[in-house]
Amino acid sequence: MSNRMWGGRFAEGPDAIMEEINASIDFDQKLYKQDIAGSQAHVRMLAEQGIVSSDDAEKIVSGLNTILSEIEAGTFKFSRALEDIHMNIEARLAELIGPTAGRLHTARSRNDQVATDFRLWVRDTLDNLEDQLTELLQALCEKAETHAGDVMPGFTHLQSAQPVTFGHHMMAYVEMFARDRSRVQDARARMNESPLGCAALAGTSFPIDREMTAKALGFDRPTANSLDGVSDRDFVLEALSDASICAMHLSRLAEEIVIWCSAQFNFIKLSDKFSTGSSIMPQKKNPDAAELVRAKTGRIYGALNALLVMMKGLPLTYSKDMQEDKEQAFDALPNLSLALAAMTGMVRDMEPNTKVMKKAAGSGYSTATDLADWCVRVLGMPFRDAHHVTGALVAKAVEKNVELHKLSLEDMQSVEPNITDDVYSVLSVDKSVRSRVSYGGTSPANVRKQARRWLKQLERD
Ligand code: ARG
């Protein structure tokens with residue numbers, strides 16, 4: 001039997017394989033709420049404009065409400081033969097209210113319908129991501145405030161570089177995730193235009209009111225070009241780009257958590273709630289949640305890439321290729337949401353081992369820069385000369401197998417005779433971090449100030 005929605009010119013029904021490759025109902029049923037809201041806004045507008053009678057519109061609206069309850073109760077029967085969520089719902093509407101159902105699709109096409117539904121879904125998802133990012137930011141700021149003065153090694157090349165504070169390290173991620181959040185807000189603002197009423201591609205001869213449907217669905221305005229309206233997928237690409245950058249940030253923090261809770265580093269205790277054991281090695285406590293957050297990045301980048309490649313080279317306007325957009329987003333964005341929730345939990349629960357971190361911060365000649373700065377400040381040396389002298393002092397410490405602050409004054413003076421024992425006052429890690437008062441630097445006072453500023457800001461947002 002040919003298809004009732006579009007089969008007028010068809011003598012035969014589709015091959016079984018055709019049905020399988022063509023049907024999207026297995027995944028796009030996720031859009032049922034958005035589809036029903038879009039249809040109700042559309043038919044109310046049709047009635048307002050005198051294109052359908054208000055009696056018919058009422059019947060359609062209430063039939064759609066019945067369908068909504070059926071889907072939510074799990075009693076709705078989805079059919080692959082009806083391809084997608086749009087036709088499944090419309091077919092059921094016809095069963096419920098008869099031929100009047102056929103009036104719903106006046107001045108509309110599945111092309112603008114699916115673009116509308118999917119935008120609504122992406123918009124809700126972005127709103128949810130924004131809230132989750134706010135929670136993660138809060139957790140990071142609270143950790144930072146508590147540990148504003150706790151010293152840890154700062155690394156470059158994963159080699160000890162200079163002491164920093166744990167709070168400062170947390171606040172670095174606050175800056176990253178705050179940018180992610182503002183990217184999500186930007187994407188939402190840019191995407192919030194309604195394609196409904198673009199119809200198949202060229203607009204419609206019916207006197208529709210696109211402003212009205214846009215407003216009813218919470219869009220800022222209708223899209224301005226009907227060809228673009230049905231064929232643009234920038235909104236999901238932008239969401240996936242933002243998601244990819246955020247996943248990259250999550251993955252960097254996840255990797256640090258994995259390193260920090262190894263026995264060799266032992267910088268943090270990860271809570272039992274976000275770890276697992278080993279079925280053979282009884283001593284093990286594995287950071288599985290952090291590893292999975294790190295891993296999620298792969299599928300999120302994959303989705304972005306798949307969609308960029310799928311869209312590339314598609315001539316205007318709609319092509320069925322575009323049906324492939326949904327599964328990618330349905331996989332990537334909820335996985336990002338899960339990763340954000342797991343990271344927020346881990347950050348809240350993690351306890352830095354402050355003693356271990358402080359000890360590690362003092363090893364690896366991490367205050368060498370402080371020593372060079374002292375030579376500049378007290379001995380009046382140009383920084384390049386001070387750097388050279390300090391390098392020689394580090395070599396001396398390596399030769400004697402001691403840390404810099406344990407190098408005797410005699411040894412120091414054998415390298416640079418003008419050094420006095422005042423130099424030891426800058427060689428402790430606490431002094432080092434306290435001295436980094438430049439704007440954005442690691443001094444505990446700075447960190448506290450930044451954490452409080454952000455916490456206040458987050459309360460207002
Ligand atoms: N299921 C389709 C999709 O997801 C809906 C649009 C179909 N439009 C069409 N002209 N075949 O893209």
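Atoms within a ligand are numbered from 1 in the order they appear, just like the ligands themselves. The basis for the numbers below is simple: all heavy atoms, side chains too, and nothing from hydrogens, waters or symmetry mates.
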Taking distance alone, with N or O pairs closer than 3.5 Å, would you say S24 contacts ligand 1?
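Yes; at least one N/O pair falls below 3.5 Å.
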
[X] and [Y]: side-chain donor and acceptor closer than 3.5 Å?
| X | Y | value |
| --- | --- | --- |
| Q40 | N65 | yes |
| Q113 | R110 | no |
| H249 | R252 | no |
| R210 | T223 | yes |

Residues passing the side-chain contact (heavy atoms from CB on, under 4.5 Å) test with A329, sequence neighbours excluded, are F118, W121, V236, L333

To the nearest 0.1 Å, how far is [atom] from its closest protein heavy atom, and which atom is that?
| atom | value |
| --- | --- |
| atom 2 (C) of ligand 1 | Q323 OE1, 3.2 Å |
| atom 11 (N) of ligand 1 | R110 NH2, 3.6 Å |
| atom 12 (O) of ligand 1 | Y318 OH, 2.4 Å |

Quick one: ring pair (Phe, Tyr, Trp, His ring centres under 6.0 Å) partners of Y32, sequence neighbours excluded?
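Y32 satisfies ring pair (Phe, Tyr, Trp, His ring centres under 6.0 Å) with no other residue.
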
In ligand 1, which numbered atoms sit nearer than 4.0 Å to a non-hydrogen atom of D84?
1 (N), 2 (C), 5 (C)

Heavy-atom contacts with N111 under 4.0 Å: which atoms of ligand 1 show up? List them by number with element.
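Heavy-atom distances to N111 below 4.0 Å select 8 (N), 9 (C), 10 (N).
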
Would you mind telling me if ligand 1 is within reach of the side chain of K326, the backbone, both or neither, using heavy atoms under 4.0 Å?
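Under 4.0 Å from ligand 1, K326 contributes side-chain atoms alone.
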
